[in-house]
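The structure under discussion appears below in the form of structure tokens.
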Amino acid sequence: MRKRQFSGSMSKAAQRGFSLIEIIVVVVLIGGIVAFAASRILGGGDRAKVKLTQAQLQTLAEKIDQYKMDTGALPPTLDALVTAPGGTQGWLGPYAKTADLNDAWMHPMLYKVPGEGRPFDLVSYGADGKPGGDSVNADLKFD
């Protein structure tokens, strides 16, 4: 009987490993997955800013109403919520901070008295800060 000798080295098939093409394919696939995930995560940030701005519009409108209840009139500008305008009776503010007068993109809110069909209009021009637009650039209005 002949004894088998083990040389301690593995066969060529077992030593093969990955080819350069296989490594490139895996890296490209991983990159695609990461890019897809990042776009979903970053897109969520824009949605969050829209929701935050909608909440800010609601809160600011409530502060305007509080000003009106205290003084008997709507504020002439949003700055009147921060510092008392001269000659105003019953002002019990400040009703807001200067930062509260900006939307989530740090653009100033638009306030107009009288509004179109209501006592006042309160608007954020969205991410681009310009009237009109769509998606995250669309105008957000207090209703």
Side-chain angles (χ1 to χ4, degrees), residues 4-143:
R4 259 188 189 173
Q5 279 187 324
F6 292 101
S7 65
S9 65
M10 300 172 86
S11 70
K12 285 193 178 217
Q15 289 180 352
R16 181 173 165 254
F18 294 106
S19 72
L20 182 59
I21 297 295
E22 291 170 325
I23 292 171
I24 290 172
V25 168
V26 169
V27 169
V28 167
L29 287 173
I30 290 173
I33 292 168
V34 168
F36 175 75
S39 71
R40 301 293 280 171
I41 291 168
L42 295 177
D46 286 334
R47 276 191 296 277
K49 285 186 177 183
V50 168
K51 293 292 186 191
L52 175 60
T53 298
Q54 289 170 334
Q56 288 173 310
L57 287 167
Q58 178 68 38
T59 302
L60 197 54
E62 290 170 6
K63 292 175 182 187
I64 291 168
D65 287 339
Q66 185 63 50
Y67 178 100
K68 183 179 177 185
M69 287 181 6
D70 292 346
T71 64
L74 288 168
T77 67
L78 289 179
D79 291 330
L81 298 174
V82 179
T83 56
T88 302
Q89 299 293 319
W91 194 86
L92 299 173
Y95 300 91
K97 299 176 186 169
T98 304
D100 297 337
L101 308 181
N102 295 326
D103 61 19
W105 297 278
M106 302 310 295
H107 301 131
M109 303 271 196
L110 174 70
Y111 173 69
K112 184 175 152 190
V113 176
E116 295 178 19
R118 56 178 59 105
F120 64 90
D121 285 337
L122 194 55
V123 179
S124 164
Y125 284 145
D128 65 356
K130 299 175 186 172
D134 56 9
S135 186
V136 296
N137 295 327
D139 297 349
L140 302 169
K141 298 178 183 179
F142 169 71
D143 293 325

*Decide whether Tyr95 and Asp70 meet the rule of one side-chain donor and one side-chain acceptor closer than 3.5 Å.*
yes
_Contact check, side chains of Lys97 and Leu81, non-hydrogen atoms, under 4.5 Å_ = no
*Does the side chain of Asp65 reach to within under 4.5 Å of the side chain of Phe120, using non-hydrogen atoms?*
yes
*Hey, are the side chains of Tyr111 and Ile64 touching, using non-hydrogen atoms and a 4.5 Å cut-off?*
yes
*Check whether any side-chain heavy atom of Val123 sits under 4.5 Å from a side-chain heavy atom of Met109, and report yes or no.*
no
*Without swapping roles, check the side chain of Asp139 against the backbone of Gly132 for a donor-acceptor pair under 3.5 Å.*
yes
*Pairwise distance NZ(Lys49) to CD(Gln54) - rounded to 0.5 angstrom*: 14.5 Å
*Do the side chains of Leu110 and Leu122 get nearer than 4.5 Å, heavy atoms only?*
no
*For Gln66 and Glu62, test the side chains for any donor-to-acceptor distance below 3.5 angstrom and give the result as yes or no.*
no
_Residues that Thr88 engages under side chain to side chain contact (heavy atoms under 4.5 Å, CB included), provided they are two or more places apart_ = Tyr67, Thr71, Pro85, Trp91
*Mind listing the closest non-hydrogen atom pair of Arg118 and Phe142 along with its distance?*
NH1-O, 3.9 Å
*asked:* Testing the basics here: between Asp128 and His107, what is the closest heavy-atom pair and its distance to 0.1 Å?
replied: C-CE1, 4.0 Å
*Is Val136 close to Val50 at the side-chain level, that is, under 4.5 Å between some pair of heavy atoms?*
yes
_For a quick check under 3.5 Å, do Asp103 and Ser124 share a side-chain donor-acceptor pair by atom type?_
yes
_Less than 4.0 angstrom from a charged side-chain N to a carboxylate O is my criterion; do Lys63 and Asp100 meet it?_
yes
*List the atom of Leu52, the atom of Ala104, and the distance in Å for their closest heavy-atom pair.*
CD2-CB, 3.8 Å
*Please report the closest heavy-atom contact between Lys68 and Leu74, naming both atoms and the distance.*
CD-CD2, 3.9 Å
*Side-chain touch Leu101/Leu60, heavy atoms, less than 4.5 angstrom*: yes
